[in-house]
6 protein chains.
Amino acid sequence: MPYVNIKITKTGATAEQKAELIKGATELLQRVLNKNPATTVVVIDEVETDNWGIAGESVTARNAKPRP
Amino acid sequence: MPYVNIKITKTGATAEQKAELIKGATELLQRVLNKNPATTVVVIDEVETDNWGIAGESVTARNAKPRP
Amino acid sequence: MPYVNIKITKTGATAEQKAELIKGATELLQRVLNKNPATTVVVIDEVETDNWGIAGESVTARNAKPRP
Amino acid sequence: MPYVNIKITKTGATAEQKAELIKGATELLQRVLNKNPATTVVVIDEVETDNWGIAGESVTARNAKPRP
Amino acid sequence: MPYVNIKITKTGATAEQKAELIKGATELLQRVLNKNPATTVVVIDEVETDNWGIAGESVTARNAKPRP
Amino acid sequence: MPYVNIKITKTGATAEQKAELIKGATELLQRVLNKNPATTVVVIDEVETDNWGIAGESVTARNAKPRP
């Protein structure tokens, strides 16, 4: 019955990639803690880059800056 | 001041149903723990079926399979 | 497969009361959205009163004040 | 490495205001606990007013009522 | 900058197993979405069995029942 | 009615510091979005260093390493 929540910025993860995250997280819980995949819940939240901050700035602002 | 977060798949819950969930969750906290409804917060998150996994698969993939 | 998270202050909720919250939340999702109880997950977080703030103060501080 | 999650109703917060929340939350953690801004994550969730309940009602329903 | 939250019941996961979950979740995000491990945050919450419900019952209650 | 959740590692934040975080977060929401402090909820989660991972390692493991 584990519950896994994965939060990522909304930058185009495909359905296949999200399916891969779900599969991988479920296998990880089974391998490490022998948890039953049938009741392992994985929820992926995709967050707008205006709404995700790191180092005091939104990802939108950081991405708009020229890379060093 | 309880905070209740209800996560469901995004499969068409109506505004009336969501209002019912809010009402029911608030009444539950009042009945069981005598919590003050005026400061009980309920937040409902509706998650795309690509983004919700159970048994290692997305709900989208599971729903696409013929039922046994 | 709904996931319900109930956050309350850690002020002595008994095992019976928490069982009642679990039962009530599961029944609510079944009644309103016909969700399957077998895969409805309910997690209760009990938070120290130093760690819960309302109106800019911790619950510990508010409880220490004489009631009007 | 603090993680700050700010949930607000989806009522038109601008990109500038959200940048201000990110900046302010990061500075708060640095000022009070000397946390490193470079690894402070802030995520803002904007929730539809149908999906946010207070005092047993959705914000949509409360906002529809004439103010006393 | 992904944020991964893993909630499991508090039933004796060792420090080594939790380190394995952290490593595995970080590698999963890197492999599938090419996310930078250096800013991938993983938080594990261990929940008392009285506080985790499935099928309308606490895990404590379910574990107390004789297995079929 | 904003809800702010601050997750930090459990490394000795005092009651006064936590009160300062609650006060600061509430003032931030009031200043930036004119939110009512009376219904602003702040919850602080303190996480064991075994349970917090960054760059694929637990904070416990990282802290045990000699600093460069």
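Chain A is the first sequence line, chain B the second, and so forth, proteins listed ahead of strands; every chain is numbered from 1.
Ranked by non-hydrogen atom pairs under 4.5 Å with chain D, the options F:Leu21, F:Ile54, F:Ile8 are led by F:Leu21. Counting heavy-atom pairs under 4.5 Å between each of F:Ala13, F:Pro2, F:Ala25 and chain D puts F:Pro2 at the top. When each of D:Leu28, D:Val43, D:Val42 is checked for heavy-atom pairs under 4.5 Å with chain F, D:Leu28 comes out on top.
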Distance-only check: which donor-acceptor pairs of chain D and chain F lie under 3.5 Å?
residue	atom	partner	partner atom	Å
D:Tyr3	N	F:Lys7	O	3.0
D:Tyr3	O	F:Lys7	N	2.7
D:Asn5	N	F:Asn5	O	2.8
D:Asn5	O	F:Asn5	N	2.8
D:Lys7	N	F:Tyr3	O	2.7
D:Lys7	O	F:Tyr3	N	3.0
D:Gln17	NE2	F:Val32	O	3.4
D:Glu20	OE2	F:Arg31	NH1	3.1
D:Arg31	NH1	F:Glu20	OE2	3.1
D:Val32	O	F:Gln17	NE2	3.4

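Side-chain atoms of D:Val4 and D:Leu29, non-hydrogen and from C-beta on, do get closer than 4.5 Å to each other.
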